[in-house]
Amino acid sequence: MAVEGKSRHRELPNKEQSGSMDGHPRHRQRASTKGKSRSQHPETSQPRTKRSSYLSPDRVKAASALIIAAFVGVLHWGYISTLFENDRHFSHLSTLEREMAFRTEMGLYYSYFKSIVEAPSYFSGLHLIMNDNVTEYPSVINTLKRFNVYPEVILAGLFRIYIATMRAVGIETKICWTVNRGNDLSPVESCEGLGDPAYFYVTLIFILNGAMMSLFYIYGTYLSGSRLGGFMTVLCFFYNHGESTRVMWTPPLRESFSYPFLVLQMSLLTYILRTPTPGRRSLVVLCASNICFMLPWQFAQFVLLTQIASLFAIYLIGYLDSEKFLNILYTHMVSLGLCFILMFGNSMLLTSYYASSLVVICVIAMSREFLKLKMLPLISWILQVLLWILGTIALKALTSTILGVRDDAHIFNILKSKFTSYKDFDTLMYTCAPEFDFMENEVRKHASSNGQSGRRGLP
């Protein structure tokens, strides 16, 4: 039977050929129609495949993560706005009282924003703060070099664009009313809306910190590989909100602008560390995030110093290859150089421990094969760590002496006072605040006191 079956299959092509030779085209037409139906079937199913690709599990997971990230961002924005409003009653204050609500150096930063907003033009206001003869009278200083006021420059530009756009389209930007205070107090006019400079200033800070919470969720989701990890990150931040931020009490402080970009920078750095061969685009974005983090905050260099130290540690034990580590170091150097240029040659950036540490670690990484020699790995690690510490201190002292910079001496004195009996005016002023004290053992007690201490507005 098997032989007969084979012979039948072999005869089929001959019958088709004989049929076509006899002038009967029916078999050819039927075969061709079958071929057409078979060839048309994949064409009809192809659009369904494309539609289904848009609803793939990965796309659905990414879309849901972005929606949740946007939700927690708006939630945090509303939360800190409500805390600030309940504490200051900001919406019911007059313009003068709102400006008085920015205590200590917060009022100084806001004054530069106000100067640009009230100037005849944006560039005339920018020229005014770059030739300031009021802050350190009788000296004339460039505040963009002396202080970290780039956020105020950007926000003032956005405010002028917003006002001009709303006037062009005929939309009201603020609502004003008279607030009757009672108790024989004179009524005051209070305006609410983004058309009020102080209201615009505070609102955009809260929006930026709302976006920070979205970044925290995305970062937690990326680290854990699940949306539950993002939820846990957000929940931990809200649970420890008093220790995590003070933007709801002191919006104009410098870390309110830098903190969101630190989260972005850490996310990008994690991506680069996880990627076997990161592209140039990733390093460029990392450089940009470094700049956005360093420009608004004078203490950002110390955060990046601890980050570089952590990367140096995992590099020593072999979890980070030399090429990727050097690329990260080069990116930090480029971002530091660009910040130095944007701040009109602020020498404190070049004389920082962060800059000295970058140079010393880069030299160690490039000459690691020489430093290994023939010794135990532990001895090699200790040798490289000692070279890093001593080299950083020596290079810092050398550059400070050459450039004649002593403005950051109080920072080292604060650290010195924490571990020794050293005291001076600056250290006594700073260390009286709980922010510069050692964290207490009882976290709940620290959380209850942190809300009050954060309102003092110390830098």
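Side-chain atoms of T275 never come within 3.5 Å of backbone atoms of T277 as a donor-acceptor pair (strictly under, hydrogens ignored). With hydrogens and angles disregarded, a donor-acceptor distance shorter than 3.5 Å links the side chain of E85 to the backbone of F90. Between the side chain of K396 and the main chain of T351, a donor-acceptor pair closer than 3.5 Å is present. Formation of a donor-acceptor pair under 3.5 Å by the E136 side chain with backbone atoms of N133 is not found in this model. With hydrogens and angles disregarded, no donor-acceptor distance shorter than 3.5 Å links the side chain of N209 to the backbone of M212. The backbone N or O of N240 lies less than 3.5 Å from a partner atom in the side chain of S244, making a donor-acceptor pair. Between the side chain of S335 and the main chain of C287, no donor-acceptor pair closer than 3.5 Å is present. Side chain of S111 to main chain of L108: a donor-acceptor pair is present (N/O by atom type, distance under 3.5 Å, no hydrogens or angles). With hydrogens and angles disregarded, a donor-acceptor distance shorter than 3.5 Å links the side chain of R88 to the backbone of A101. Side-chain atoms of S400 never come within 3.5 Å of backbone atoms of A397 as a donor-acceptor pair (strictly under, hydrogens ignored).
Residue R274 qualifies as enclosed at atom CZ: its count of foreign heavy atoms under 6.0 Å is above 12. Within 6.0 Å of atom CE in M266, more than 12 heavy atoms from other residues, nucleotides or ligands are found, so the atom counts as buried in its surroundings. Residue Y422 qualifies as enclosed at atom OH: its count of foreign heavy atoms under 6.0 Å is above 12. Shown here is I175, whose CD1 atom has no more than 12 heavy atoms of other residues, nucleotides or ligands within 6.0 Å. Counting non-hydrogen atoms of neighbouring residues, nucleotides and ligands closer than 6.0 angstrom, the CH2 atom of W77 reaches no more than 12 such neighbours. Within 6.0 Å of CZ on F238 lie more than 12 heavy atoms contributed by other residues, nucleotides or ligands.
Between atom CG of residue L311 and atom CG of residue L329 there is a gap of 7.5 Å, rounded to the nearest 0.5 Å. Expressed to the nearest 0.5 Å, how far CG of L338 lies from CG of L342 amounts to 6.5 Å. Atom CD1 in I116 sits 9.5 Å away from atom CG in L155 (nearest 0.5 Å). To the nearest 0.5 Å, atoms CG (L395) and CG (L350) are separated by 10.5 Å. Of the inter-residue distances, the one linking Y354 atom OH with L336 atom CG reads 5.5 Å to the nearest 0.5 angstrom. Residue C292 holds its SG atom at 12.5 Å from CG of L262, rounded to the nearest 0.5 Å.
Under the 6.0 Å distance and 45° angle rule, R254 does not count as a cation-pi partner of Y259. The cationic group of K145 does not satisfy the cation-pi geometry with F344, failing either the under 6.0 Å distance to the six-membered ring centre or the 45° limit from the ring axis.
Applying the side chain to side chain contact (heavy atoms under 4.5 Å, CB included) criterion to M100, with sequence neighbours excluded, gives L96. The ring pair (Phe, Tyr, Trp, His ring centres under 6.0 Å) test applied to F340 returns no partner, not counting sequence neighbours.
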Steps toward side-chain contact (heavy atoms from CB on, under 4.5 Å) verdict (M213, L75)
CA-CA 9 Å; M213 185 58 68; L75 181 66; over 6 Å; no
Side chain to side chain donor-acceptor pair (under 3.5 Å) between T270 and Y219, worked out
CA-CA 9 Å; T270 305; Y219 189 30; 2.8 Å; yes
Could you go through the ring pair (Phe, Tyr, Trp, His ring centres under 6.0 Å) check for H76 and F206 one step at a time?
CA-CA 9 Å; H76 189 239; F206 290 153; 9.2 Å; no
Can you check side chain to side chain donor-acceptor pair (under 3.5 Å) on H241 and Y79, steps first, answer last?
CA-CA 11 Å; H241 201 267; Y79 179 62; 4.9 Å; no
Apply side-chain contact (heavy atoms from CB on, under 4.5 Å) to residues M294 and L304 and explain how you reach the verdict.
CA-CA 9 Å; M294 282 191 288; L304 294 178; 3.6 Å; yes
Candidate pair M343 and F147, rule side-chain contact (heavy atoms from CB on, under 4.5 Å), full reasoning:
CA-CA 9 Å; M343 294 194 69; F147 307 111; over 6 Å; no
Go through W177 and S190 one step at a time and tell me if the side chain to side chain donor-acceptor pair (under 3.5 Å) criterion holds.
CA-CA 6 Å; W177 59 84; S190 178; 4.8 Å; no
Decide yes or no on side-chain contact (heavy atoms from CB on, under 4.5 Å) for C362 and Y330, but give the supporting numbers first.
CA-CA 8 Å; C362 188; Y330 296 152; 3.6 Å; yes
Before you tell me yes or no, could you show the steps for E189 and S94 under side chain to side chain donor-acceptor pair (under 3.5 Å), namely the whole-Å CA-CA distance, both residues' side-chain angles and the distance that decides it to 0.1 Å?
CA-CA 6 Å; E189 185 183 51; S94 64; over 6 Å; no
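Counting only heavy atoms from C-beta outward, the side chains of I129 and E152 never approach each other to under 4.5 Å. Looking at heavy atoms from C-beta onward, M130 lies out of side-chain contact with T143 at the 4.5 angstrom threshold. When side chains are defined from C-beta on, I68 does not count as touching T221, because their heavy atoms never get closer than 4.5 Å.
Judged purely by distance below 3.5 Å, without hydrogens or angles, the side chains of S282 and Y271 never pair a donor atom with an acceptor atom. Between the side chains of Y199 and E192, at least one donor-acceptor pair of N or O atoms lies under 3.5 Å.
Using a 4.0 Å cut-off between charged nitrogen and carboxylate oxygen, D132 and R146 do not count as a salt-bridge pair.
The aromatic rings of Y110 and F113 lie tilted to each other, with the angle between the two planes from 30° to 60°. Using the six-membered ring where Trp is involved, Y315 and F325 have ring planes that are parallel, under 30° apart on the 30 and 60° scheme. Taking the six-membered ring where the residue is Trp, Y217 and F231 present perpendicular rings, their angle passing 60° and hence far from 30°.
The heavy-atom pair separating L83 from W249 by the smallest distance is O-CZ3, 3.8 Å.
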